[in-house]
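Inspection log for the structure reproduced underneath, given as structure tokens.
By convention in this document, chain letters (A, B, ...) are assigned in the order of the sequence lines, proteins followed by strands, and residues within each chain are numbered from 1.
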Protein chains: 2
Amino acid sequence: MTGRKDADRRGDSGRKRKSAPLSSEAIVAAAIDLLDREGLDNFSIRNIAKALGVYPTALYWHVPSRHLLIARVIAALFADVLPEENADWRLWLKDLFRRYRDIVRAHPNVAPLVGGHLVSSASVDLNLVEAILSTLTRAGFEDEDLVAAYNSVVVGMCGYATQEFAHVFPDPERELETSLAASVEAADPARYPVLAAQRHRLLNRALVLRWKNGNQAPLESGFEMFTNSLIAGLAQELERARNRA
Amino acid sequence: MTGRKDADRRGDSGRKRKSAPLSSEAIVAAAIDLLDREGLDNFSIRNIAKALGVYPTALYWHVPSRHLLIARVIAALFADVLPEENADWRLWLKDLFRRYRDIVRAHPNVAPLVGGHLVSSASVDLNLVEAILSTLTRAGFEDEDLVAAYNSVVVGMCGYATQEFAHVFPDPERELETSLAASVEAADPARYPVLAAQRHRLLNRALVLRWKNGNQAPLESGFEMFTNSLIAGLAQELERARNRA
DNA sequence: ACCTGAACACCGTTCAAGT
DNA sequence: ACCTGAACACCGTTCAAGT
């Protein structure tokens, strides 16, 4: 009898039913797993439930809504973005940008969920916010400039990876691929001289001119230039602010 | 008889039925209108069809899919981003960034659709691509550096506005607002000294620490610093590359 | 307390049928 | 050629019912 019950609990009927009870942590873990394996297009409450061997509505006991589940997923994934302390604020920022991008590289399908949505605010990591603020304060930014620099840093952190790992929509007939490749290949050198001359360097390596995202074709050199430029530029803005004062 | 037919065509049965026949342009226009009026959460093929007084499936004669409709919407909205020519490449870039952000300000709900999705590639404006490439070439970027600089510029163009006008998810109970405000208000000055000291300057004015987006609370000063920094930094990278050669 | 199960109000898209 | 209308395979979420 007891053996039978245990067998039932392990669930030979519901195929993937886990022995462990449901919890917010288990749901978030299953959500991340699903996102990594099946992509954004199959990322749904119902599929997470299926992976857990449970009814979709069961999740609502542990998680208030899809939006807030996504917020928890983001919080879990970026729990360790924060770099070691560094006396040089510019190196610290560079480190932060790198670490952020590395996480997105490891879970590329989350990119569209972080960039353009304010959900992230639902699970703010105050440690991250304070770390950026205190680093910029040590660098010399004050008051209004501090806020502006902080916003610049957050965009610098998320902006590149968001675009590098942008969502590629399902294209089974490869229509996007063929039409894009064709129009670039056929670009009139008279009208588009630089594009025509550099086309082989650009296809799938330049934003907007690609059908693969950073997953299959990373945009490494641009990341370096973008982050280096932004940081160097912030340092320069700081100088200017000092000279004003 | 003819009068009756005209009345039928104007459509007293289907309420909003337009007299004009359906077309790709009309659909895109209705889509933009719906996006502006009703927001991203109500932006669907079915609602666009309803606004046009037509069956949802009628759209598929003129538009291949939702993804590609979005691509056309984006193409239509950003048809005029391209700034006037400018001898100073840095001013030209600044102008480009401003114009891009102005368009997003005018149609803020499109922001999440542009930033994190590769759909935009389905409707590439080669003129824009060439303009950026030729400007950077005139500035002095070559070969691999040109690609890296181009990618930096595209991220610079889209990155800030994407986050400034990020999607705010429906929150009728104002849970996000209250919890975020509370946690920032209650931030321990010992653990979060800068955050605690600057909290009134930060709430709804610093990314991640807000429940409103740029629509209700623009992040103007950060935009200035971000774009100025990026451009100044690119100029500096250019100097470095020249010194290497 | 935690999960089932039915139900509601939505989606995008396919395809046969009408005109 | 262009639109209707039914149908399919999905969604997120609410809520009563079970245990």
(message) Could you check whether any side-chain N or O of A:Arg205 sits under 3.5 Å from a backbone N or O of A:Arg201, counting only pairs where one atom can act as donor and the other as acceptor?
(response) yes
(request) Grab the CZ-C1' distance between A:Phe43 and D:dC10 for me, whole Å please. (result) 16 Å
(request) Nearest whole angstrom, please: distance from the C1' of C:dA16 to the CH2 of B:Trp61. (result) 14 Å
(message) So that I can tick it off, tell me whether B:Arg37 and B:Asp33 are bridged by a salt bridge, with the cut-off set at under 4.0 angstrom between side-chain N and carboxylate O.
(response) yes
(message) Whether the side chain of A:Asp125 engages the backbone of A:Ala75 through a donor-acceptor N/O pair (distance < 3.5 Å, no angle test) should be reported.
(response) no
(message) I'd like to know if the side chain of B:Asn213 reaches the main chain of B:Ala166, judged simply by a donor and an acceptor atom lying under 3.5 Å from each other, with no hydrogens or angles considered.
(response) yes
(request) Using the P atom as the reference point in each nucleotide, state the distance between C:dA9 and D:dA9 in Å, no decimals. (result) 22 Å
Is there any protein nitrogen or oxygen under 3.5 Å from a nitrogen or oxygen in nucleotides 13-15 of chain C, and what are the pairs?
{"residue": "C:dT13", "atom": "OP2", "partner": "B:Tyr60", "partner atom": "OH", "Å": "2.6"}
{"residue": "C:dT13", "atom": "OP2", "partner": "B:Arg66", "partner atom": "N", "Å": "2.8"}
{"residue": "C:dT13", "atom": "O5'", "partner": "B:Tyr60", "partner atom": "OH", "Å": "3.2"}

(message) Taking only side-chain N and O atoms of B:His62, does any of them lie within less than 4.0 angstrom of OP1 or OP2 on D:dA1?
(response) no
(request) Measure from CG on B:Leu59 to C1' on D:dC3 and round the result to the nearest Å. (result) 11 Å
(request) Just jot down the side-chain contact (heavy atoms from CB on, under 4.5 Å) partners of B:Arg46, sequence neighbours excluded, or say none. (result) B:Ser44, B:Pro56
(request) For the residue pair A:Phe78 and A:Tyr100, categorise the inter-ring angle as parallel (less than 30°), tilted (30 to 60°) or perpendicular (more than 60°). (result) parallel
(message) Can you confirm whether A:Asp188 is buried at CG, in the sense that more than 12 heavy atoms of other residues, nucleotides or ligands lie under 6.0 Å from that atom?
(response) yes
(message) Measure CD1/A:Ile70 against C1'/D:dG12 and give the value in whole Å, please.
(response) 11 Å
(request) Find the distance B:Asp41:CG to D:dC11:P and express it as a whole number of Å. (result) 18 Å
(request) Using Watson-Crick or G-U wobble pairs with both distances under 3.5 Å, give me DNA chain D in dot-bracket, 5' to 3', with [ ] for crossers and | for pairs to another strand. (result) ||.|||||...|||||.||
(message) Looking at A:Glu164 and A:Arg101, is there a salt bridge between them, counting it only when a charged N and a carboxylate O are closer than 4.0 Å?
(response) yes
(message) Without decimals, in angstroms, what is the distance between A:Lys50 NZ and D:dA9 C1'?
(response) 11 Å
(message) Between A:Glu130 and B:Arg199 (salt bridge meaning N to carboxylate O under 4.0 Å), is one present in this structure?
(response) no
(request) Check the distance between D:dC11's C1' and A:Ile48's CD1 and give it to me in whole angstrom. (result) 13 Å
(request) Answer with base, sugar-phosphate or nothing: what part of the nucleic acid does A:Asn47 contact at a heavy-atom distance below 4.0 Å? (result) sugar-phosphate
